[in-house]
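Sharing a structure with you now.
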Amino acid sequence: MAKENISSNLDKIRHSFSHVLAQAVLEMFPEAKLGIGPAIDNGFYYDFELPRTLIPEDLKIIEKKMKKIISQNQKFVSGKQPADKAMDFLKEYNQKYKLELASDLIKSGEKEICFYENIQPENGSIKFVDMCAGPHVESTGKLPVKAFKLYSIAGAYWKGDEKNLMLQRIYGYAFSRKEDLDDYLNKIEEAKKRDHRKLGKDLDLFSVHEKAGPGLIYWHPKGARIRHIIETFWKEAHIKNGYEMVYTPHIGRSWLWETSGHLGFYRENMYAPMNIDEEEYFIKPMNCPFHIMIYNNSKRSYRELPMRWAELGTVYRYEHSGVLHGLLRVRGFTQDDAHIICTPEQIQDEIIEALRFSLFMWKSFGFEDIKAYIATKPDKSVGEKSRWDQATKSLIEAAEKEGLSFEMDEGGGAFYGPKIDLKIKDAIGREWQMSTIQFDFNLPERFDMKYIGQDGKEHRPYMVHRALLGSLERFFGLLVEHYSGSFPLWISPVQAVVIPVSDNFDAYGEKVYTELKNKGYRVEYVSADDSLNKRIRKAELSKIPYMLIVGEKEENDKTVSVRSYKTKDQKVYKMVDFYKLMNDEIKNKETGPA
RNA sequence: GCCGCCCUAGCUCAGCUGGUAGAGCAACUGUCUUGUAAACAGUCGGUCGUCGGUUCGAAUCCGAUGGGCGGCUCCA
């Protein structure tokens with residue numbers, strides 16, 4: 001309750017800041033056209049059409065003007081105008097975007113348009129007018145002048161539509177207190193340190209190469225080790241949970257994509273075809289049609305259903321250059337894909353199970369903060385309404401059964417079926433869609449998938465497309481950020497490093513190393529080419545969980561001196577005790593396949 | 001794809017308003033044989049993303065192009 005009040009008050013502050021911003025910009029550019037200026041979850045923004053592009057220095061000037069407006073303690077005064085008067089005023093005000101918004105409002109049945117005026121308290125003069133429903137703080141003096149900061153200029157399409165003109169958007173941070181702003185700025189700085197793009201470089205996990213093609217990921221040995229661990233865990237878990245593995249090709253003839261419809265509605269996202277034997281072949285942007293080929297390979301009975309076919313399927317999609325982002329948005333990626341083909345009677349249980357399984361996977365890797373979104377039927381869609389309704393209902397029931405809080409994304413489904421998505425935040429708070437469980441009412445029709453029911457007649461199966469982790473690339477990116485590169489022991493690419501004090505102890509050191517290696521631990525040996533301190537430093541920077549330092553004492557006592565990355569403690573262990581330490585830790589972290 | 005910013009050695013960065021490139025780390029070679037976060041010395045390394053233009057002269061100014069970053073749009 002209390003929290004809600006604070007947050008709505010904060011929204012008021014943020015939105016009021018956006019008015020002050022607009023007023024300041026209008027002072028600087030009287031011919032500026034105002035777009036919209038809402039509160040967002042770390043501050044506010046306002047969109048403008050301006051006579052010239054802004055430069056970063058402009059932000060300082062605008063900020064100064066804003067501070068002046070705040071110091072003048074102008075009153076926010078609300079008012080309403082009947083529709084026709086409002087339109088006249090906005091025409092005269094020469095604010096075409098506001099005019100457009102007002103006319104939209106009037107079209108949708110509004111009789112009156114709300115305005116806010118900023119009034120100079122001493123003489124009552126009107127300093128600024130904005131068409132806006134509010135609410136705002138009482139006066140600009142109430143705004144915490146030290147708790148805001150303009151930080152970015154960006155382009156943004158008017159009304160978010162790329163067919164419209166691109167306006168200039170000014171972003172500002174705003175909080176109720178200066179300390180909150182400082183905390184937030186610190187948090188951003190800290191978050192940047194765990195950005196997977198930085199850590200990927202620092203820890204030598206992966207790279208991308210301009211010359212070899214943007215958005216294509218090169219997994220270095222340490223990154224590949226982690227991927228191998230993820231894949232192994234994933235495969236075992238799937239087999240234990242009733243899935244079959246399949247493998248399918250990377251390219252397919254145009255027939256496949258014509259039948260699936262991808263050439264009709266997805267071609268611009270597909271890599272250009274290659275010509276082979278006078279036939280066009282396309283690199284796959286998804287795995288579904290291939291799995292369907294396996295299904296349609298023979299006549300299917302209801303007795304065979306449900307079928308759950310999983311594949312770590314590598315796909316390639318031509319993503320727009322501006323959207324590429326480290327490992328989180330790439331052009332070639334491996335989906336942890338599976339298709340569930342089942343009867344209408346089975347669908348509810350299958351959905352519940354798929355969602356449970358997905359949550360199990362995320363928890364196994366240490367993720368708990370997950371948001372779910374259920375997307376329903378859009379205007380343009382295929383499939384019978386009754387199937388949509390049943391499918392949507394089963395998604396909601398599955399989420400409820402798992403005790404997962406979710407938001408409805410009305411009309412946000414793909415044209416071919418409703419879906420539930422799980423989203424996770426990256427280091428700086430951006431949400432990324434990871435898991436998806438989606439119905440497909442399109443492909444079973446297009447490929448004429450059938451099964452023979454108990455009644456001896458042909459039926460159309462339900463098909464569900466699901467990816468639990470999303471893609472290995474994206475998952476890996478989040479994993480790096482989640483752990484700041486300091487992975488749990490069971491995932492760590494290097495679990496321990498043996499460091500001899502000097503090369504006089506190479507023999508003992510290598511004995512320790514070999515023993516660990518033979519027992520299956522991921523271990524490295526660092527001979528005394530550098531000083532001891534330097535080698536420890538390197539191991540620290542590589543975030544290796546355990547450093548085993550061996551010298552005279554250890555050799556004599558048959559022990560290892562263990563330095564822990566996480567605790568920075570040093571403790572001497574007998575080898576058997578060190579194994580126990582590691583095994584306990586691995587056991588605790590790894591819940592293992594269900 | 002759109003708007004803005006950025007691109008100098010393997011990495012992190014310096015290089016004032018144009019005079020033709022520098023540091024630390026890394027790598028390599030020696031010396032040192034080390035007790036819990038950087039031993040010492042030397043060597044190597046860049047046609048300053050690419051192409052074109054302006055200029056007596058361009059890392060620096062202009063244009064194009066590739067890539068990255070932050071947004072927007074998109075995300076089957």
Side-chain angles (χ1 to χ4, degrees), chain A residues 40 45 47 50 53-56 58 151-171 192 195 197-198 201-202 204 207-215 260-262 265-266 268-270 284-289 315 317-326 328-331 335 337 413-417 419 421 428 430 432-433 436 438 440 442-443 465 467 470-471 474 499-506 527-542 547-554 561-565 568-572:
Chain A
I40 52 175
Y45 68 77
D47 290 343
L50 298 172
T53 44
L54 294 169
I55 54 170
D58 290 328
Y151 66 93
S152 171
I153 307 160
Y157 298 109
W158 166 237
K159 284 185 172 170
D161 186 337
E162 65 179 327
K163 287 185 214 76
N164 288 337
L165 190 73
M166 185 162 261
L167 305 179
Q168 297 192 67
R169 175 172 297 178
I170 299 176
Y171 281 97
K192 280 184 186 156
D195 189 309
R197 292 165 297 186
K198 175 175 159 46
K201 205 180 267 184
D202 292 350
D204 196 18
S207 58
V208 278
H209 301 273
E210 175 188 340
K211 284 179 190 137
S260 70
H262 287 102
F265 56 79
Y266 197 64
E268 61 181 31
N269 279 301
M270 291 168 71
K284 66 176 170 185
M286 45 201 71
N287 306 298
C288 338
V315 298
R317 298 180 185 174
Y318 177 75
E319 301 283 0
H320 284 178
S321 59
V323 307
L324 299 177
H325 182 98
L328 300 182
R329 189 81 183 260
V330 295
R331 283 182 173 164
Q335 293 182 304
D337 209 356
F415 75 87
Y416 52 78
K419 61 176 181 173
D421 290 334
I428 53 176
R430 290 176 290 212
W432 293 88
Q433 181 189 317
T436 185
Q438 38 188 276
D440 196 322
N442 184 45
L443 292 179
H465 167 103
S471 82
R474 185 175 284 186
I499 304 177
V501 169
S502 79
D503 52 19
N504 292 330
F505 308 103
D506 267 346
S527 57
D529 298 329
D530 283 314
S531 71
L532 177 65
N533 280 353
K534 187 156 183 173
R535 285 175 289 150
I536 288 169
R537 180 164 196 271
K538 275 189 184 170
E540 283 284 339
L541 292 174
S542 308
M547 279 167 248
L548 310 189
I549 288 137
V550 294
E552 195 176 355
K553 288 193 293 261
E554 290 77 14
S561 171
V562 176
R563 174 182 164 124
S564 156
Y565 175 81
K568 308 292 181 240
D569 278 352
Q570 308 157 32
K571 213 169 155 187
V572 175

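Convention: sequence-line order gives letters A, B, ...; per-chain numbering from 1.
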**Prompt:** Mind checking the P distance from B/rC40 to B/rC32? Whole angstroms is fine.
**Reply:**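 To the nearest whole Å, 16 Å.
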**Prompt:** Please give, in whole Å, the distance from B/rG4 P to A/L165 CG?
**Reply:**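 One finds 12 Å between P of B/rG4 and CG of A/L165, rounded.
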**Prompt:** In whole Å, what separates the P atom of B/rC69 from that of B/rC11?
**Reply:**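 Nearest-Å result for B/rC69 against B/rC11 at atom P: 15 Å.
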**Asked** Does the side chain of A/S152 get closer than 4.0 angstrom to OP1 or OP2 of B/rG71 through an N or O atom?
**Response**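 The answer is no; no side-chain N or O of A/S152 sits under 4.0 Å from OP1 or OP2.
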**Item:** Sugar-phosphate only, base, or nothing, as touched by A/H325 at under 4.0 Å among non-hydrogen atoms
**Value:**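 If one applies the 4.0 Å heavy-atom cut-off, A/H325 turns out to touch the sugar-phosphate alone, with no base involved.
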**Asked** If you look at every heavy atom in A/V330 and A/E319, which pair is closest and at what distance?
**Response**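 For A/V330 versus A/E319, the nearest heavy atoms are O-CG, 3.5 Å.
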**Item:** Heavy-atom pair of closest approach, residues A/S260 and A/P289
**Value:**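 Closest approach of A/S260 to A/P289, heavy atoms only: CB-CG, 4.0 Å.
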**Prompt:** Which whole number of Å gives the distance between the P atom of B/rC62 and that of B/rU47?
**Reply:**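 One P to the other, the span is 24 Å.
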**Request:** Take A/N442 and A/D161, find for each the nucleotide of RNA chain B with the closest heavy atom, and name the residue whose nucleotide sits nearer the 5' end.
**Result:**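 It is A/D161 whose nearest nucleotide is closer to the 5' end.
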**Asked** Please give, in whole Å, the distance from B/rC69 C1' to A/I153 CD1?
**Response**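 Atom CD1 in A/I153 sits about 15 Å away from atom C1' in B/rC69.
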**Asked** Which part of the nucleic acid, if any, lies within contact of A/G551, taking any heavy atom under 4.0 Å across all strands shown: a base, the sugar-phosphate backbone alone, or nothing?
**Response**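 Base contact - A/G551 has a heavy atom under 4.0 Å of at least one base atom.
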**Asked** Counting just side-chain N and O atoms, does A/R197 come under 4.0 Å of either OP1 or OP2 of B/rG70?
**Response**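 Yes, A/R197 has a side-chain N/O under 4.0 Å of OP1/OP2 on B/rG70.
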**Message:** Using Watson-Crick or G-U wobble geometry with both distances under 3.5 Å, which nucleotide pairs with B/rG45?
**Reply:**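 B/rG45 is unpaired by these criteria.
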**Assigned partner base of B/rA9, Watson-Crick or wobble definition, under 3.5 Å** =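 Result: none.
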**Request:** Pick base, sugar-phosphate or nothing for A/K201, based on heavy-atom distances below 4.0 Å to the nucleic acid.
**Result:**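 If one applies the 4.0 Å heavy-atom cut-off, A/K201 turns out to touch the sugar-phosphate alone, with no base involved.
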**Prompt:** If the C1' atom of B/rG19 is compared with that of B/rG15, how far apart are they to the nearest Å?
**Reply:**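 My reading of the C1' atoms in B/rG19 and B/rG15 gives 14 Å.
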**Request:** Kindly say whether A/D530 contributes a backbone atom to a donor-acceptor pair with the side chain of A/R535 at under 3.5 angstrom?
**Result:**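 Confirmed, A/R535 side chain pairs with A/D530 backbone.
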**Request:** Would you classify A/L324 as touching base, sugar-phosphate or nothing, given that sugar-phosphate means primed atoms plus P, OP1 and OP2, and contacts are heavy atoms under 4.0 Å?
**Result:**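 A/L324: backbone/sugar contact only, no base atoms under 4.0 Å.
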**Prompt:** Considering only the C1' atoms, how many Å lie between B/rA59 and B/rC7, rounded to the nearest integer?
**Reply:**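 So the two C1' atoms sit 11 Å from each other.
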**Message:** Whether the side chain of A/Y157 and the base of B/rG1 hold a donor-acceptor pair under 3.5 Å is what I'd like checked.
**Reply:**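 Yes, a donor-acceptor pair under 3.5 Å.
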**Asked** A/R474 side chain to A/Q433 main-chain N or O, any donor-acceptor pair under 3.5 Å?
**Response**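 Here the side-chain-to-backbone pair exists.
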**Request:** For B/rG57 versus B/rG4, give the span between their P atoms, rounded off to a whole number of Å.
**Result:**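 About 31 Å, rounded to a whole number of Å.
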**Request:** Respond yes when some side-chain nitrogen or oxygen of A/S502 is under 4.0 Å from OP1 or OP2 of B/rU33, and no when none is.
**Result:**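 It does not, given that no N or O in the side chain of A/S502 lies less than 4.0 Å from OP1 or OP2 of B/rU33.
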**Request:** For A/D569 and B/rG35, give me the distance from atom CG to atom P, rounded to whole Å.
**Result:**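 Going from CG in A/D569 over to P in B/rG35 covers 21 Å.
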**Asked** For A/Y157, is the NZ or CZ atom of A/K159 found under 6.0 angstrom from the centre of its six-membered ring and inside 45 degrees of the ring axis?
**Response**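 The answer is no; the distance or angle limit is not met.
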**Message:** What contact category does A/A156 fall into here, base, sugar-phosphate, or nothing, at under 4.0 angstrom with non-hydrogen atoms?
**Reply:**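 Result for A/A156 = sugar-phosphate.
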**P atoms of B/rG22 and B/rG30, separation to the nearest Å** =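 One P to the other, the span is 28 Å.
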**Request:** Quick one: label A/E552 by what it contacts on the DNA or RNA (base, sugar-phosphate, nothing), any heavy atom closer than 4.0 Å.
**Result:**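 Base contact - A/E552 has a heavy atom under 4.0 Å of at least one base atom.
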**Asked** A/Q335 side chain to A/A467 main-chain N or O, any donor-acceptor pair under 3.5 Å?
**Response**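 No; zero donor-acceptor contacts below 3.5 Å.
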**Message:** Looking at B/rC32, which nucleotide sits across from it as a Watson-Crick or G-U wobble partner, both distances under 3.5 angstrom, or is there none?
**Reply:**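 Paired with B/rC32, as far as the under-3.5 Å criterion goes, is no nucleotide at all.
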**Item:** Which nucleotide in B/rG71, B/rU36, B/rC74 has an atom nearest any side-chain atom of A/A154
**Value:**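 The answer is B/rG71, which lies nearest to the side chain.
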**Prompt:** So what does A/I549 touch, heavy atoms closer than 4.0 Å: a base, only the sugar-phosphate, or nothing?
**Reply:**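 Base, at least one base atom sits under 4.0 Å.
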**Asked** Between B/rC3, B/rG67, B/rG1, which one does the side chain of A/E210 approach most closely?
**Response**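 Given the options B/rC3, B/rG67, B/rG1, the side chain of A/E210 is closest to B/rG67.
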**Prompt:** Rounded to the Å, how far apart are A/D530 CG and B/rU31 P?
**Reply:**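 Interatomic distance, CG of A/D530 to P of B/rU31: 15 Å.
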**Message:** Using OP1 and OP2 only, check whether a side-chain N or O of A/R535 sits under 4.0 Å from B/rU36.
**Reply:**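 It does not, given that no N or O in the side chain of A/R535 lies less than 4.0 Å from OP1 or OP2 of B/rU36.
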**Prompt:** With a 4.0 Å cut-off on heavy atoms, is A/R169 in touch with a base, just the backbone sugar-phosphate, or nothing at all?
**Reply:**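 Sugar-phosphate contact only.
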**Asked** Taking atom P of B/rC32 as reference, at what distance in whole Å does atom NZ of A/K534 sit?
**Response**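 For the pair A/K534 NZ and B/rC32 P, the rounded distance is 17 Å.
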**Candidate nucleotides B/rU33, B/rG35, B/rU36, ranked by approach to the side chain of A/V501 - the nearest** =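 Of B/rU33, B/rG35, B/rU36, B/rG35 is nearest to the side chain of A/V501.
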**Message:** If you assign A/I55 and A/S531 each to the RNA chain B nucleotide with the nearest heavy atom, which residue ends up on the more 5' nucleotide?
**Reply:**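 That would be A/I55.
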**Request:** Look at A/K419 and B/rC75 and indicate whether a side-chain polar atom (N or O) is within less than 4.0 Å of OP1 or OP2.
**Result:**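 Looking at the OP1 and OP2 atoms of B/rC75, neither is under 4.0 Å from any side-chain N or O of A/K419.
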**Request:** Starting at atom CG of A/D529, determine the distance to atom P of B/rA38, rounded to an integer number of angstrom.
**Result:**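 After rounding, the reported distance stands at 18 Å.
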**Asked** When we call it a touch if two heavy atoms are under 4.0 Å apart, what does A/R430 touch: a base, just sugar-phosphate, or nothing?
**Response**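 If one applies the 4.0 Å heavy-atom cut-off, A/R430 turns out to touch the sugar-phosphate alone, with no base involved.
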**Asked** In the structure shown, which nucleotide is the Watson-Crick or G-U wobble counterpart of B/rA64, with both distances under 3.5 Å?
**Response**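 Its partner is B/rU50 (Watson-Crick or G-U wobble, both distances under 3.5 Å).
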**Asked** Do A/R329 and B/rC74 have a side chain to base donor-acceptor pair shorter than 3.5 Å?
**Response**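 Yes, the side chain and the base share a sub-3.5 Å donor-acceptor pair.
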**B/rA9 versus B/rG49 - spacing of their P atoms, nearest Å** =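 It comes out at 8 Å once rounded to the nearest Å.
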**Side-chain N or O of A/Y171 closer than 4.0 Å to phosphate OP1/OP2 of B/rC72** =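 Looking at the OP1 and OP2 atoms of B/rC72, one of them is under 4.0 Å from a side-chain N or O of A/Y171.
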**Asked** From the list B/rG1, B/rG71, B/rA27, which nucleotide is the closest neighbour of the side chain of A/K538?
**Response**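 Within the option list, the nearest is B/rA27.
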**Contact summary for A/P285 and A/R317, nearest pair of heavy atoms** =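 What the structure gives for the nearest pair is O-NE, 2.8 Å.
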**Value in whole Å for how far the P atom of B/rG35 lies from CG of A/L548** =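 Distance, rounded to whole Å: 18 Å.
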**Item:** Separation between CD1 of A/I549 and CG of A/L532, rounded to the nearest 0.5 Å
**Value:**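 With rounding to 0.5 Å, CD1 (A/I549) is 6.0 Å from CG (A/L532).
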**Request:** Send over the distance from A/I536 CD1 to B/rA39 P, rounded to a whole Å.
**Result:**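 Going from A/I536 (CD1) to B/rA39 (P), I get 11 Å.
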**Request:** For A/E554, answer base if it contacts any base atom (sugar-phosphate contacts may also be present), sugar-phosphate if it contacts only those atoms, and nothing otherwise; contact means non-hydrogen atoms under 4.0 Å.
**Result:**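 The answer is base, as A/E554 lies within the cut-off (heavy atoms under 4.0 Å) of a base atom.
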**Message:** For a quick check of understanding: with a heavy-atom distance under 4.0 Å over all strands, which category does A/N533 fall into, base, sugar-phosphate or nothing?
**Reply:**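 Sugar-phosphate only.
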**Asked** Backbone N or O of A/Y318 within a donor-acceptor pair of the A/R331 side chain at under 3.5 Å?
**Response**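 Such a contact is absent between A/R331 side chain and A/Y318 backbone.
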